[in-house]
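Notes follow the structure.
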Amino acid sequence: MLPLAISDLPVFLRWRGEVAFGETHWEQLVDVADRLIVDSSAWEELHYEKLVGVFERTAVSDIAWARTQQWRVELAGCWPEIREQEIRIRGPRPEATLLRGWLTAQLEREVRPVEPAEALAVRLGGEELQPPPDALSPSDLLSAELDHFGRDRIYEAAVSATLSP
């Protein structure tokens with residue numbers, strides 16, 4: 001792959017499906033990529049503890065994280081009252097786990113474990129929040145990730161926070 005890379009152009013690696021953490025081809029590709037794009041919703045198990053080890057090697061994007069953006073904007077509008085409220089998150093495991101990790105990191109406190117559901121939903125202090133407008137299509141989400149070149153420290157903090165019980 002290196003002979004095909006053009007000098008001074010960023011190298012993006014879009015990894016589809018299960019990640020081959022620790023395998024030779026995975027390690028070599030991560031080492032040449034400027035940005036790694038995964039979709040943790042395609043994983044059988046959430047391997048966020050292994051993904052954290054990649055953060056110092058390359059910038060990482062997760063399409064499951066991108067799907068939570070509208071919810072993060074909605075919840076950010078609830079600051080500062082949200083600090084004291086009970087928070088319940090339901091939804092697909094990757095998106096709900098990342099949203100919980102983000103809230104845990106931002107609020108610097110534990111948030112209840114996620115509950116499985118088909119769609120992402122949040123309850124604050126006993127009140128169900130209205131879902132934000134429909135998210136972008138999968139191709140639009142990927143295109144948006146290709147516009148980012150640096151590390152996303154907020155995503156990294158959210159992933160790291162998922163490792164707490």
Side-chain angles (χ1 to χ4, degrees), residues 10-23 26-117 120-124 129 132 135-136 138 141-142 144-165:
V11 175
F12 292 88
L13 170 59
R14 168 63 171 108
W15 193 277
R16 298 177 65 94
E18 290 288 333
V19 175
F21 290 105
E23 293 187 22
W26 161 260
E27 298 299 326
Q28 290 173 346
L29 288 169
V30 167
D31 284 339
V32 298
D34 295 300
R35 175 164 293 281
L36 165 67
I37 303 169
V38 298
D39 185 351
S40 61
S41 65
W43 300 351
E44 195 71 29
E45 294 291 323
L46 299 181
H47 297 289
Y48 295 135
E49 76 284 352
K50 294 177 182 174
L51 192 61
V52 166
V54 178
F55 292 159
E56 294 301 321
R57 296 168 60 193
T58 189
V60 178
S61 292
D62 186 343
I63 294 173
W65 169 253
R67 282 190 206 97
T68 69
Q69 185 192 6
Q70 294 294 80
W71 273 108
R72 288 182 278 128
V73 169
E74 185 79 20
L75 291 167
C78 298
W79 249 261
E81 295 83 15
I82 193 173
R83 288 187 165 287
E84 307 303 321
Q85 294 179 314
E86 178 186 40
I87 303 168
R88 291 177 174 256
I89 302 169
R90 295 185 320 273
R93 189 165 172 234
E95 289 87 350
T97 299
L98 289 168
L99 188 60
R100 177 183 179 261
W102 174 73
L103 285 165
T104 298
Q106 297 304 308
L107 297 172
E108 298 177 339
R109 71 172 173 96
E110 279 300 313
V111 175
R112 296 175 66 96
V114 300
E115 301 167 22
L120 204 51
V122 177
R123 181 180 284 270
L124 285 181
L129 295 181
L136 299 172
L141 289 169
L142 177 58
E145 293 308 310
L146 294 173
D147 287 337
H148 301 291
F149 295 100
R151 291 173 64 177
D152 183 346
R153 303 288 183 168
I154 295 173
Y155 166 70
E156 292 176 6
V159 171
S160 296
T162 68
L163 305 181
S164 302

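Other residues, nucleotides and ligands place no more than 12 heavy atoms under 6.0 Å from the CD1 atom of Ile154.
The CG atom of Leu99 sits 10.0 Å away from atom CD of Glu95, with the distance rounded to the nearest 0.5 Å. A distance of 6.0 Å separates CG in Leu142 from CZ in Arg14, rounded to the nearest 0.5 Å. The structure places CG of Leu98 at 11.5 Å from CG of Leu103, a figure rounded to the nearest 0.5 Å. Separation of atoms CD (Glu156) and CZ (Arg153) is listed at 5.5 Å; rounding is to 0.5 Å. One finds the CD atom of Glu145 at 8.5 Å from the CG atom of Asp62 (value rounded to the nearest 0.5 Å). For the atom pair NE2 (His47) and CZ (Phe21), the distance works out to 7.0 Å, reported to the nearest 0.5 Å.
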Evaluation steps, side chain to side chain contact (heavy atoms under 4.5 Å, CB included), between Glu110 and Arg100: CA-CA 9 Å; Glu110 279 300 313; Arg100 177 183 179 261; 3.1 Å; yes

Intermediate values then yes/no, side chain to side chain contact (heavy atoms under 4.5 Å, CB included), Arg151 and Glu56: CA-CA 9 Å; Arg151 291 173 64 177; Glu56 294 301 321; 3.2 Å; yes

Intermediate values then yes/no, side-chain hydrogen bond (donor to acceptor under 3.5 Å, both in side chains), Ser41 and Arg93: CA-CA 8 Å; Ser41 65; Arg93 189 165 172 234; over 6 Å; no

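Looking at heavy atoms from C-beta onward, Leu36 lies out of side-chain contact with Leu29 at the 4.5 angstrom threshold. Side chains of Trp65 and Ile63 form no contact here, defined as non-hydrogen atoms less than 4.5 Å apart. No side-chain heavy atom of Gln69 sits under 4.5 Å from any side-chain heavy atom of Leu136. Within the 4.5 Å cutoff, no side-chain heavy atoms of Arg35 are placed close to those of Val60. Taking the side chain as every heavy atom from C-beta outward, Trp102 and Thr68 never approach each other to under 4.5 Å. Two residues are said to be in side-chain contact when any heavy atoms from C-beta on lie closer than 4.5 Å; Leu13 and Ile37 fail this criterion. Contact annotation: the side chain of Asp34 never approaches that of Phe12 to less than 4.5 Å [non-hydrogen atoms, C-beta and beyond].
For the residue pair Pro94 and Leu46, the shortest heavy atom distance occurs at CG-CD2, 3.8 Å. Closest non-hydrogen pair, Asp39 versus Ala64, comes out as OD1-N, 3.6 Å. Shortest non-hydrogen contact noted between Trp26 and Ala20 is CB-O, 3.0 Å. Between Ala66 and Leu141, the closest heavy-atom pair is CB-CD2, 3.8 Å. Between Gly101 and Ala161 the shortest heavy-atom distance is O-CB, 3.3 Å. Across every non-hydrogen atom of Ala59 and Gly150, the tightest pair is CB-O, 3.7 Å.
Distance alone, capped at 3.5 Å, places no donor-acceptor pair between the Thr58 side chain and the Val30 backbone. For the pair Thr162 (side chain) and Val159 (backbone), a donor-acceptor distance under 3.5 Å is present.
Relative ring orientation between Trp43 and Tyr48 is described as tilted, the plane-to-plane angle lying within the 30° to 60° band.
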Pair up each side-chain donor or acceptor in residues 75-88 with any protein partner under 3.5 Å, not counting sequence neighbours, and list the distances.
residue : atom : partner : partner atom : Å
Glu86   : OE2  : Arg112  : NH1          : 3.1
Arg88   : NH1  : Glu115  : OE2          : 3.2

